[in-house]
Amino acid sequence: MHPITRASGSVAGIAYVPTLLPDELLYSWLARVAALNAMGAPRDVLQRFFGCCTLVPSVDLPTQLLALAHRLGSWLPFATLDELLDRGTLLPYHRPFLTAASHSRVRQILLHGDGKGLKTLMGRVANRFGAHPALRSCPDCMVDSWSCYGSLYWMRRHQLPGVNLCTIHGIPLHGMQLQARTHRQRLLSPMATPGAQSAIQADARQLRFALLSQDLLEIALPVIAPLQRAATYREAALALGYGTRRGRVEFPALVDALRRRYDDFEGFDHQARLLATAAHPLGWLRPLFDRPERSLHPICHLLLIDFLFGSVAAFKVACAEYDLALPARPLDDPSFALAAIDPVVVGAVKVHASSSTLAITLEDALRDPSLSCRQAAARVGKSVTTVVALRRARAIPIQERRKSLHPTVIDQVLKALGSLCSLPAVAKRTGVSLSSVYRILAQYPTTPRPRRDEDGIAQGPLRRASWVTALQACRMEGMGGVAAARARAGADYAWLYRHDRAWLVSTNNAEPSFKRRNGGSGRVDWVRRDTELCQLLQQQLSQLRDEAPPQRLTKTRLLRSLGETMVRRNLGQLPQLVVLLDKEVESEQAFGMRRVDYAVALLVSEGAQLRLWRVQRLAGLRRWSPSLTTYANQLVEPLHAQNSLRPHGLP
């Protein structure tokens, strides 16, 4: 804790200091102080607050906070610097996904620095989501704050990256784009909104993501060790069934499940960046497990947390439970070090490196003579082979592995290899392991390659007869040919494949159930495929247009019904389909008109009065343009005429 000096503030010209409003940004509070005290030109305001007129104030992550605290003193509405960072900035939103070292650097930049490289260090520019979003506000929140507090202010929850809905009222946020020439050094206040918007039906996924981002900000999690965070993700993914038989994460299945859960991120601000490419979708997912120390945008972590745990609170509990379940064994224990390298190898034992061990850098671990290669690998989260290779590259002396083979034994192995015996026979004759025989053979490349010994030669006829018997039995039982025989005599097939492949291939080709394609190169007839896909899309269009309520016909939605992976990858070979997609994709205006048609038809069927606010609410559009109002009036006027009403438009 770093208490703020409670001496009187040294800023001249301040007569009144307002209280900090709920969920208010420090940036907003400073803007209100400057406006209420008429502090003058923007550069003069910055000079009074920060002692520097060239500072560019950041909305969500302001810098030079220590100078601000010293100048304002008791006027600042925070007791400590930590409270200022937690309640006045968006640092708690990023902190759980930083390392201990990067968090310390971020804190120093916020307190003393000028902000250079700050958002790169925090992962805000990762994945190309953009580091400078527009200032956003909710019209209904503006009305509420004016009626309750007599003031307008910027709320932290509205400035969270990727959030475009208000979590209180469920309506879209309004943005104010910051202009570099006019807004660069200004402390801006929200503009007064003439009236509150009526609530519309918000997208459930967007609202859930906004609530999840708000929870991450308000819970204010501490720094979580990268290895602990990745291990918690891995345990949750395996518990949900997204794992292989070896206990590793099955990323293709996890990617497909995430895309289905979020409907390919339809409606998200960063849809294209989240999907990455069609060939390798969700490329940011694997580093969350395999490279946890890499800086990624918090949005990536939030989407995975929502899928695996359902809430930030559940993720916090899972991290705590994983931390408590760790064995209290020293890190220099060989078995513990092995587990720290790869938790999957040890099975049920859950191991991770503590935050104190993560603080050590790779270079320090490599040059520390007190650490063995295995201990250094456990400290930095690398494999032992990698550490050995790095130390050898830096000419750092390492303890070589003991050689248990005597030179006379090696000579015996070489003589046995020279007799052209098989490798298993050489290992059996000399009393060494088969791995040692392979290693000696690699170290002495001039040694003659071994051949099959007498035992191997004797096995040939037996293996052939067994395989032919299996083929004949499967044919008589009507179970097929080669595939069924492999399930019955897999060992014979494997031996023949390694030692007598020519006979095996000729025998299989002669089997009636095993016929290879004759002629042709297996190429796809893209002209025919293009025509078939166009016909399939025409059939799907009628079903998609009949959905209630109507959904926008985007390119992603149309391709999903055609087998998206194959089509997206080969659009260059499908010119007719590309033209049809461009023709059928709905614009925002066309989709809005179709939504208005649906809303009017629903109101007519229910016998309700045709009023504009009802049409807008049932249409559920995020943006309502004047052209939609004109179209709605044109649609409703004939209905009024049929009912002998005056066609004066929608009230």
For the residue pair Y149 / D144, report whether a side-chain donor-acceptor contact shorter than 3.5 Å exists.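 Note: D144 and Y149 side chains miss the donor-acceptor criterion.
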
Is it the case that the side chains of Q206 and N164 hold a donor-acceptor pair, with the cut-off being a distance below 3.5 Å and no angle test?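 Present: a donor and an acceptor within the cut-off.
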
Using only atom types and a distance under 3.5 Å, with no angle test, would you say the side chain of S145 pairs donor to acceptor with the backbone of S151?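 Such a contact is found between S145 side chain and S151 backbone.
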
Can a donor-acceptor pair be found, under 3.5 Å and without considering hydrogens, that links the side chain of W284 to the backbone of H301?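 Absent.
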
What closest approach, in Å, do [X] and [Y] show between heavy atoms, and which atom pair accounts for it?
{"X": "Q64", "Y": "G113", "value": "CG-O, 3.1 Å"}
{"X": "F49", "Y": "L30", "value": "CE1-O, 3.7 Å"}
{"X": "L121", "Y": "V106", "value": "CD2-CG2, 3.5 Å"}
{"X": "E266", "Y": "R205", "value": "O-NH2, 3.8 Å"}
{"X": "S58", "Y": "K119", "value": "OG-NZ, 4.2 Å"}

Checking ring-ring contact (aromatic ring centres under 6.0 Å, His included) against F307, which of Y233, Y242, F209 comes through?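 It is Y242; the other options fail the test.
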
Basic-acidic side-chain contact under 4.0 Å: D82, R107: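 Between R107 and D82 there is a salt bridge, with a charged N closer than 4.0 Å to a carboxylate O.
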
With T167, which of Q214, H158, R208 fulfils side-chain hydrogen bond (donor to acceptor under 3.5 Å, both in side chains)?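 The side-chain hydrogen bond (donor to acceptor under 3.5 Å, both in side chains) with T167 is passed solely by Q214 among Q214, H158, R208.
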
Set out, in order, the CA-CA distance, both residues' side-chain angles and the distance that settles side-chain contact (heavy atoms from CB on, under 4.5 Å) for V17 and W29, then state yes or no. CA-CA 9 Å; V17 176; W29 182 82; 3.3 Å; yes

Is it the case that atom CZ in R291 sees more than 12 heavy atoms from other parts of the structure closer than 6.0 Å?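 Not buried by this count: 12 neighbours or fewer within 6.0 Å.
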
